[in-house]
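The structure appears below as structure tokens.
Only this structure's heavy atoms are used, side chains among them; waters, hydrogens and symmetry mates stay out. Numbered from 1 within each chain, the chains take letters A, B, ... in sequence-line order.
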Amino acid sequence: MRLKRDHNCGDLSKATVGKEVRINGWINTRRDLGGIFFVDVRDRYGLIQVRFNNDLPSEILDVVKHLNNEDVIAVAGTIVERPADSVNKKITSGEIEIEARDFELLNKAIPTPFEITKRETGSEDLRLKYRYLDLRTETLKRNMHMRHKASQAVRRFLNDNNFMEVETPILMKSTPEGARDFLVPSRVNPGKFYALPQSPQTYKQLLMVAGYDRYFQIVRCFRDEDLRADRQPEFTQIDCEMSFVDEADVRVIMEDMISTVFKETIGVDIPTPLPIVSFDEAMERYGSDKPDIRFDLEIKNVEAFAKATEFSVFHSALDNGGVIRALPVPDAAVFSRKKIDELTNHAKKYGAKGLAFVKNTEEGLQGGIAKFINEDAAKLLLDATDAKVGDLILFMADEWETALTALGALRTLLANEFGLVKKDEYKAVWVVDFPLFEKDSESGRLVARHHPFTSPKIEDIDKLESDPMSVKARAYDMALNGYEIGGGSIRIYQKDLQQRMFKALGIGKEEAQEKFGFLLDAFEYGAPPHGGIAFGLDRLIMVLTGESSIRDVIAFPKTTTAQSPMDGSPSGVDTKQLDDLHIQLKVDKG
RNA sequence: GGGGCUGUAGUUCAACUGGUUAGAGCACCGGCCUGUCACGCCGGAAGUUGCGAGUUCGACUCUCGUCAGUCCCGCCA
């Protein structure tokens with residue numbers, strides 16, 4: 001190229017008027033007025049209007065006349081002030097333009113499959129197929145820049161606080177305890193597989209044993225599970241671990257980190273210390289273990305009321321060990337039958353069997369289950385819910401977690417519909433005191449709610465064998481605007497306690513030694529007390545950018561079927577490759 | 001594994017209750033235009049209605065299957 005740039009499009013302003021500059025960039029838009037030709041040139045830094053007059057040499061004019069959007073060009077010219085009546089207030093460089101003297105077409109572009117300046121054109125799969133074009137759009141450029149800024153803020157903060165960045169293996173041992181692993185065959189080890197890390201959990205604990213007492217890594221993690229708007233098969237974690245700490249130490253420094261990131265990226269103050277709620281309280285009040293606390297709309301316990309009614313569904317639920325909870329919805333007594341049916345269907349997605357309701361009107365309780373409610377019961381209900389005239393009260397009778405989760409889902413849905421969620425508000429909260437175990441719904445066996453390395457609360461250790469479901473974990477999650485953006489725990493660091501934990505999970509001594517022997521062995525060589533946390537960087541960027549899909553904050557994401565329309569991955573491979581890996585397929589490769 | 005929604009020129013959308021040659025904006029091509037900035041004006045080209053089957057005199061439209069995208073449930077230690 002002849003005309004190499006000495007400025008970028010974001011450098012130019014009124015202060016540079018009179019300067020001779022050279023810029024390189026893409027054609028954003030162009031306007032041919034006959035005797036005068038305007039081209040808006042775009043690069044990563046900004047947008048600047050270039051004017052081509054018709055006194056330029058015809059070699060230049062002939063090319064300029066046939067320029068297209070997204071052609072790559074070089075322009076040499078003078079920065080000049082625009083006539084006062086031709087100022088474009090919509091762009092930052094709107095007061096100036098470049099009067100072109102020399103020009104070079106660096107590369108032509110064929111018409112793009114969607115318009116770069118209009119992100120609403122082009123379906124998502126088309127934009128994913130041409131991701132390098134989508135990344136040219138303002139929105140994605142802004143998102144990727146936000147991601148960069150947040151990552152840098154995290155690195156700076158952690159470095160300033162003595163955290164050391166250490167890389168851990170991408171090829172590791174498969175431990176099929178939690179999510180399904182991505183497996184990697186090995187040519188030199190026939191019949192054996194590595195797994196891609198679901199998280200560097202064991203490695204960071206081993207780094208603590210090594211004495212690297214503050215570790216971090218911005219690290220890719222892999223899980224072969226179904227995708228969602230906020231879930232990708234590969235995603236990035238801000239992974240941290242610290243030695244000689246308890247829960248409060250980790251919380252204090254990590255909420256400081258998140259607060260710093262918000263300040264440095266979008267200028268928002270997240271006041272610390274963050275509020276702390278227990279898992280039980282989060283479930284009881286918000287129906288979620290990652291509550292959105294930007295709005296009230298809280299769930300109420302109405303069991304005293306339920307017992308006083310003649311509604312048999314309530315009584316049988318209670319007899320079967322279930323609970324009765326209510327969600328009072330202000331000013332929703334006007335809801336139609338159809339609307340309430342919609343809410344019922346929404347609740348059913350979360351395992352609810354039905355949804356009872358009653359309307360609080362001037363004439364008392366009406367509609368729904370009103371006929372089962374006598375005067376005494378009505379008083380109990382209004383006391384428990386603080387419902388005002390004009391409110392709708394929704395009831396759920398079910399198992400504790402099902403009832404609350406379903407009401408929590410309705411809470412979120414209704415808050416959005418009523419506009420209770422303010423877009424520019426950010427409220428984070430710690431959720432603590434999680435149960436250590438939960439029952440696997442299929443097998444009924446005990447599984448770790450967080451992971452098997454999470455320490456039980458010291459006062460609960462005695463109940464590990466006798467009453468495991470009552471044992472609480474030394475775990476903490478950070479929820480932000482209804483997203484779980486981080487989670488961690490104080491870890492087990494003693495071999496015997498770790499072995500008891502494995503045993504409680506139904507992992508035999510030999511199996512534990514085979515799968516996690518390296519960790520158990522390490523605990524015998526002076527393992528310090530330690531704990532840590534991992535934040536989902538992608539979700540954090542989602543919140544910072546206000547996006548509702550994780551794909552919009554990842555440079556090259558996958559579709560919901562875990563495919564890449566751009567490069568066609570995953571794809572079949574040659575028989576030769578498979579032979580090298582000692583692999584035979586059971587199905588035809590696609 | 002299950003459910004919802006969507007699929008029509010390059011692209012965004014339209015096409016009545018199943019009925020003539022499937023239309024329009026943007027993009028593209030040609031022409032005109034010296035202050036535009038979503039420039040404007042005139043003209044042109046552009047379609048296996050995702051794919052396959054069925055119902056029908058007739059299917060973009062109805063039915064079934066399939067593929068893809070997306071959202072949700074399950075799943076995500």
Residues two or more places apart in sequence or in another chain: which of them pass side chain to side chain contact (heavy atoms under 4.5 Å, CB included) with A:N28?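 Listed in chain order: A:D40, A:R42, A:L47, A:T117.
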[X] has an atom [atom1]; how far is it from atom [atom2] of [N], in whole Å?
X	N	atom1	atom2	value
A:R228	B:G3	CZ	P	15 Å
A:L67	B:A27	CG	P	15 Å
A:F182	B:C76	CZ	C1'	12 Å
A:D125	B:U70	CG	P	7 Å
A:F38	B:G40	CZ	P	14 Å
A:I48	B:U36	CD1	P	17 Å
A:I116	B:G10	CD1	P	18 Å
A:K353	B:C73	NZ	P	18 Å

Is the shortest heavy-atom distance from the side chain of [X] to the side chain of [Y] under 4.5 Å?
X	Y	answer
A:V553	A:L540	no
A:L355	A:D341	no
A:F235	A:C221	yes
A:F52	A:V39	yes

Remember a base hit wins even if backbone is also touched, and classify [X] as base, sugar-phosphate or nothing at under 4.0 Å, heavy atoms.
X	result
A:T454	nothing
A:Y350	sugar-phosphate
A:Q49	base
A:E438	nothing
A:D226	base
A:D32	base
A:L505	nothing
A:P113	sugar-phosphate

For RNA chain B, the residues among residues 78-91 of chain A that have a non-hydrogen atom under 4.0 Å from it: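 A:R82, A:P83, A:S86, A:V87, A:N88, A:K90, in order of number.
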For [N], the Watson-Crick or wobble counterpart (both distances under 3.5 Å):
N	answer
B:G40	B:C32
B:U17	none
B:A9	none
B:A53	B:U63
B:C75	none
B:A45	none

Does the gap between the ring centers of A:Y476 and A:F434 come in under 6.0 Å?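 No, the ring centres sit 6.0 Å or more apart.
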Can you check salt bridge (charged side-chain N to carboxylate O under 4.0 Å, His left out) on A:K173 and A:E514, steps first, answer last? CA-CA 11 Å; A:K173 187 182 174 71; A:E514 196 275 314; 3.5 Å; yes
Hey, which sits more toward the 5' end of RNA chain B by its nearest nucleotide, A:Q201 or A:G351?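 That would be A:G351.
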Which residue, A:D40 or A:F114, contacts RNA chain B at a nucleotide closer to its 5' end, judged by nearest heavy atom?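 Result of the comparison: A:F114.
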All N/O donor-acceptor pairs, side-chain side in residues 499-507 of chain A, below 3.5 Å, sequence neighbours left out:
unit_1	atom_1	unit_2	atom_2	d
A:R500	NE	A:E465	OE2	2.9
A:R500	NH2	A:I461	O	3.1
A:R500	NH2	A:E465	OE1	3.0

Is A:E97 side chain donor-acceptor paired with the B:G35 base, going by distance under 3.5 Å alone?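 When only heavy-atom distances are counted, A:E97 does reach the base of B:G35 through a donor-acceptor pair under 3.5 Å.
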